[in-house]
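Each remark here refers to the structure printed beneath this line.
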Amino acid sequence: MSAANTSPADESPRAPAVRGEIVVQLTGITKSFGAREVLHGVDLSVHSGEHVVIFGPSGSGKSTLLRTINLLEPPDSGSVRILDVEYGPAGDGEQRRGGPVELRRLVGMVFQQFNLFPHLTALDNIGLPLRAAMHLGRSEAEERAAAALKRVGLLRWAAHYPAELSGGQQQRVAIARALSLDPKVMLFDEPTSALDPELVGEVLAVMRSVAESGMTMVVVTHELNFAREIGDLNVFMDEGLIAESGPRGFLDSCANPRTRQFIAAVL
Amino acid sequence: MPVAAYQWSLIWQNKDLLLKGLLVALECAGPALIIAIVIGLLLALARMGRPPLAWLATVYINIFRGVPALVSVIWVYFGWSLLFGINFTVVEAAVIALVLLYSSFLSEIFRSALLSVPRGQREAGLALGMHPLRVFAQVVIPQATRVALPNVGSMLIGMLKDTSTFSVIGLAELTYTVQNIESVTFQPFVLFTALAAVYVAAAFVIDFIFRTIEKSLTTPPKGRVSGALTRRRRRRLELLVERLEAVV
């Protein structure tokens with residue numbers, strides 16, 4: 001089903017009122033692992049500045065769907081369009097096509113397990129991709145990395161290694177790392193699920209500030225209170241399909257009994 | 001035979017010959033290690049890749065893991081000469097023999113080290129827009145190196161010891177030298193005790209060197225050597241942080 005039926009339901013100060021161009025457009029995405037198909041043809045459109053929240057039970061395919069956006073899981077069929085360039089298996093001859101490296105320079109990702117590089121300091125974790133992917137010089141990369149760390153309040157920890165940081169701090173560095181590359185859209189794959197409960201807040205605070213800055217975001221999360229707060233489009237996935245989706249306020253007004261049951265169980 | 005008959009002074013008298021023998025052994029083991037590391041890494045990647053390359057690598061590894069150094073060097077030195085008419089010098093034959101054997105051992109060390117790097121590390125590098133080869137070189141290899149390094153040190157010690165069998169092709173390495181001295185002095189106990197001591201001492205030094213490298217690769221780096229190496233960079237970082245903190 002299409003998820004592009006958003007309408008501004010309530011005028012929360014965080015809701016970007018203007019609907020921009022489509023940044024991410026997934027059409028008919030299917031993906032199988034071996035004989036098991038985990039995505040059965042999913043459509044999703046993400047507009048510029050929009051905050052899409054994807055939730056649903058384990059195994060519903062929400063993380064896999066997110067990972068097809070930057071081709072960490074290349075879809076078996078369907079179209080992945082980022083800013084009108086086709087990166088998926090579908091697409092006609094007319095459409096401009098791009099490769100995965102090109103796509104990933106437009107799309108930032110934050111992982112559940114942080115995935116900071118343990119052999120590099122916080123600063124070099126951010127500096128390495130700036131040099132390797134954006135081909136900045138060493139001092140320019142360091143300046144930019146330091147500015148990114150400052151943005152998440154961790155400049156003082158620049159010379160520390162991931163093993164010396166708390167989980168919450170590591171995830172904040174990971175967010176800074178993805179942001180420093182100036183992506184057009186940020187993907188968050190259960191960014192707080194691996195954290196101690198007391199560390200969840202600091203990561204959500206950083207994500208909130210990212211959302212307020214107008215960044216386009218797609219967030220897979222079980223933090224439904226946070227979802228209610230930032231979600232312009234709320235997507236409930238179940239068994240490899242989008243079961244139901246809706247605009248701001250959807251979590252309190254959804255019709256599908258399966259969605260209601262899930263929300264009641266999580267909240 | 002009375003104790004006085006042991007001429008321990010022989011060791012000191014022949015110290016230059018012993019040292020030269022050790023250097024010859026190292027001249028074989030050192031280059032052989034470097035070449036074996038390169039080939040071992042390629043073998044590991046081939047084995048982790050697709051067939052038929054993976055099968056070929058597996059066959060190679062399983063053959064050469066099982067060949068003793070003595071057999072390998074005779075095969076290279078005499079066999080290739082007979083079969084292909086290729087005549088190697090003794091040093092070349094020694095290096096090739098070691099590379100054939102140890103590239104197979106090293107490839108298994110590298111394979112397990114590469115597999116020990118979590119999948120998420122590679123994914124993070126790719127997701128950040130890095131080219132897959134750069135992810136391999138700058139994210140996967142540094143982490144795998146740390147895992148492989150202690151075993152690589154053991155391999156170098158093993159190579160050095162295996163050169164002792166190369167006296168069979170007339171390589172003038174340490175054991176060959178000692179055998180020569182023994183044949184004119186008839187002091188096997190003294191000379192072979194000294195021989196063992198030199199090998200053990202060399203192994204200690206190699207172990208020390210690899211431990212030092214290992215320490216500098218831990219995070220945060222430990223040890224004086226790495227501390228000295230990173231001091232300037234740390235200082236520069238501190239200045240950068242101070243300057244940026246001042247800007248509100």
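This is a predicted model, so every value here is computed, not measured. Reminder, nothing fancy here: chain letters follow the sequence lines and each chain counts from 1.
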With only heavy atoms counted, which part of [X] is less than 4.5 Å from chain B, the side chain, the backbone, both or neither?
X      : result
A/E142 : both
A/D189 : neither
A/F111 : side chain
A/E164 : side chain
A/L116 : backbone
A/R67  : side chain
A/L181 : side chain

Does B/R65, at its CZ atom, have more than 12 non-hydrogen atoms belonging to other residues, nucleotides or ligands within less than 6.0 Å?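 Enclosed.
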Look at atom CZ of A/R138 and say whether more than 12 heavy atoms of other residues, nucleotides or ligands are closer to it than 6.0 Å.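 Buried by this count: over 12 neighbours within 6.0 Å.
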Pairing of B/R243 and A/E143 as salt bridge, 4.0 angstrom limit: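 Salt bridge: yes.
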Any idea which of A/A132, A/P100, A/A178 has the most non-hydrogen atom pairs under 4.5 angstrom with chain B?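 When all of A/A132, A/P100, A/A178 are compared, A/A132 has the most.
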Looking at A/V101, A/V110, A/L187, A/N70, which has the largest count of heavy-atom pairs under 4.5 Å with chain B?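 Result: the option with the highest number of such pairs is A/V101.
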Roughly how far apart are B/E123 CD and A/M109 CE, rounded to 0.5 Å?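 Reported value, rounded in 0.5 Å steps: 8.0 Å.
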From CG (A/L120) to CD (B/Q138), nearest 0.5 Å: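 Here the rounded value is 8.5 Å.
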Side chain, backbone, both or neither of B/R122 within contact of chain A (heavy atoms, under 4.5 Å):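 B/R122 has no heavy atom closer than 4.5 Å to chain A.
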Let me know if B/L240 has heavy atoms under 4.5 Å from chain A in its side chain, its backbone, both or neither.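 Only the side chain of B/L240 comes within 4.5 Å of chain A.
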Among the listed options B/V117, B/V139, B/V135, B/V241, the residue most often paired with chain A at heavy-atom distances under 4.5 Å: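 Looking at each of B/V117, B/V139, B/V135, B/V241 in turn, B/V139 comes out on top.
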Could you check which of B/P132, B/P142, B/A124, B/G125 has the highest count of heavy-atom pairs closer than 4.5 Å to chain A?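 When all of B/P132, B/P142, B/A124, B/G125 are compared, B/A124 has the most.
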Ignoring hydrogens, what is the shortest heavy-atom contact between A/A133 and B/G129? Give both atom names and the distance.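 Taking A/A133 first and B/G129 second, the nearest heavy atoms are CB-O, 3.4 Å.
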So, for A/L72 and B/A127, which heavy atoms are closest and what is the spacing to 0.1 Å?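 Between these two residues, the closest heavy atoms are CD1-CB, 4.4 Å.
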Test side chain to side chain contact (heavy atoms under 4.5 Å, CB included) on A/F117 and B/V140 and set out the steps. CA-CA 9 Å; A/F117 305 134; B/V140 177; over 6 Å; no
Where do B/L128 and A/R105 land on the side chain to side chain contact (heavy atoms under 4.5 Å, CB included) test, with the steps shown first? CA-CA 7 Å; B/L128 290 159; A/R105 287 182 187 166; over 6 Å; no
Evaluate the side-chain proximity of B/P118 to A/Q113: yes if any heavy-atom separation is below 4.5 Å, no if none is.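 The answer is no; the side chains never approach within 4.5 Å.
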